[in-house]
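Values in this document were obtained by computation on a predicted structure and should not be read as measured data. For ligands, and for the atoms within them, numbers begin at 1 and follow the listed sequence.
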Amino acid sequence: MAKRQPEMFELEITSLGAQGDGVGERDGVPVFVSGAMPGDTVQVAARETRRNGIYTELIDITENSPGRIKPECAHFGACGGCQLQFLSDDVYQAWVKDRTAMALAHHGFDASLVADPIITPKASRRRVAMKALRVASGVVLGFNERQSHQIVDVKACPVTRPELTGLFDPLRKLLSGLLDQRMAATVHLTMTASGVDILIEAAKELDLAARESLVEFANYHDIAALHWQDQGFLDPVAIRREAVMDFAGAKVPLPPAAFIQASDEGEAALVRVVTEACAGLGRVADLFCGIGTFSFPLAKEHQVLAVEGAKNALDALQGAANFASGFKQIVAKHRDLFRRPLSAKELEMFDAVVFDPPRAGAKDQVAELAKSTVQRVVAVSCNPNTFSRDARTLADGGYRLESVQPVDQFLWSPHMELVGVFTKDRKPE
Ligand SMILES: C[S@@+](CC[C@H](N)C(=O)[O-])C[C@H]1O[C@@H](n2cnc3c(N)ncnc32)[C@H](O)[C@@H]1O
């Protein structure tokens, strides 16, 4: 039987959706087109009908939007990252703000609360996870194509720090001597305060020659630390200096694969908003604290309780807090905040609470915060939807949302961070 041809039609794009797709309308139904933007007229093929509209494939742009620019990256279109590189700066910035406002409006908040976004510059990404595959001609090293496991062999990456992009070719050469045919690996590169940290994950036990080539690579490229992870086993192959992060002058050792913010600039923007929101208040709890991105800058002024579920991250924070000087007391607590959130009663002793959960948000912790008497709550989030849901719970518990600051550390992609500041007025005694 002949396969049914997808329906083709022409469409005017009028807005950008939450994932950055161009959106038009057909017979009152939203139509999503990846690679299109407001002002474009496009020819599309219908691919899939979902609950929220029709998803299509872009066949041709018959009329270009005046806001469309030429993407500078040679891998644009093939590489799954940076898919919004064709938007002019103005259009991109307006979309980051609108996206946050749309998510908040869905939960009854006013769009005027959203500040102009802080967008990190090009060449600032300090952490990348790359895919590698040994093929007959050598090693393919790069990022996945959009919605695919195919790897794009990336030679240059305009969003990543040059200290890391400069290692792409040497790593290809190194890995082609280490990986067997068709063997895959994941390469994590992080620019730390003490130099580049490398973690290579591959299902391969290292022999002496392989170990020597890794050490030689680390020496030649002045790598701070290089670990090899063969399934569960983490091998510190070349530790030339401890990989450390610097938070407000405190040197915190970075456990392999522990969370850090994606750029120096993004971290600085988030820290500024968080510390300003807590300024002048007393004790602060930093929930989902990681290795202390906010705990140390906060401890310049406040006593801090730092709570985290990953033991290695918390141990790194605690160890650094024991040695750092010029800070108020930091108490580190290991706790699963999904299963055992801090109760409203436990929160009573704090004047401010900062929380920065994973993408899923912090539903149960927020339910306790909503019941609490904490004066200021600062929510850091990487998901405008779960942020808005949690903001609604806080507002229903008597908190006033004062401001929302979007911070975009993932230029030209739909990923972003934001910080919301909430206040609850103390009841008169
Ligand atoms: C988005 S990161 C933020 C870390 C830190 N605030 C920072 O900016 O570097 C979220 C943190 O939540 C931690 N986490 C995830 N699930 C958790 C849980 N159930 N209980 C406590 N912490 C958890 C992760 O280990 C991670 O450190």
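Residue-to-ligand polar distances place G309 within reach of ligand 1: an N/O pair is separated by less than 3.5 Å. Considering backbone and side-chain atoms alike, F259 places every N or O at 3.5 Å or more from each N or O of ligand 1.
Shown in contact with R335 at under 4.0 Å from a heavy atom are these atoms of ligand 1, numbered in order with element: 20 (N), 21 (C). The atoms of ligand 1 that sit less than 4.0 Å from any heavy atom of A310 are 25 (O).
Looking only at heavy atoms of the protein, atom 19 (N) of ligand 1 is closest to D336 OD1, 2.8 Å. The closest protein non-hydrogen atom to atom 9 (O) of ligand 1 is T293 OG1, 2.6 Å. Among protein heavy atoms, atom 11 (C) of ligand 1 sits closest to E308 OE1, 3.8 Å. Distance from atom 8 (O) of ligand 1 to its nearest protein heavy atom, with residue and atom name: Q261 NE2, 2.8 Å. The protein non-hydrogen atom at the shortest distance from atom 10 (C) of ligand 1 is D356 O, 3.3 Å.
Rounded to the nearest 0.5 Å, atoms CZ (F296) and NZ (K328) are 16.0 Å apart. For the atom pair C382 SG and F259 CZ, the distance stands at 7.0 Å (nearest 0.5 Å). In this structure, CG on L214 lies 10.0 Å from CD on E216, to the nearest 0.5 angstrom.
Every heavy atom of E267 sits 4.0 Å or more from the atoms of ligand 1.
In terms of heavy-atom proximity, A103 sits nearest to N385 at CB-OD1, 3.7 Å. Residues I291 and P255 share a closest heavy-atom pair of CG2-CD, 3.9 Å.
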Exercise for review: Evaluate the criterion salt bridge (charged side-chain N to carboxylate O under 4.0 Å, His left out) for residue pair R241 and D222; output intermediate values, then yes/no.
Suggested key: CA-CA 10 Å; R241 298 180 292 281; D222 191 25; 2.9 Å; yes
Exercise for review: Go through the steps to decide whether D180 and R134 satisfy the test salt bridge (charged side-chain N to carboxylate O under 4.0 Å, His left out), and finish with yes or no.
Suggested key: CA-CA 7 Å; D180 303 333; R134 180 73 164 95; over 6 Å; no
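The proximity of A313 to ligand 1, defined as any non-hydrogen pair under 4.0 Å, does not occur for either the backbone or the side chain.
Nearest residue to atom 16 (N) of ligand 1 from P358, C382, P357 is P358 (criterion: closest heavy atom).
Remark: the R376 side chain and the T423 side chain contain an N/O donor-acceptor pair separated by less than 3.5 Å.
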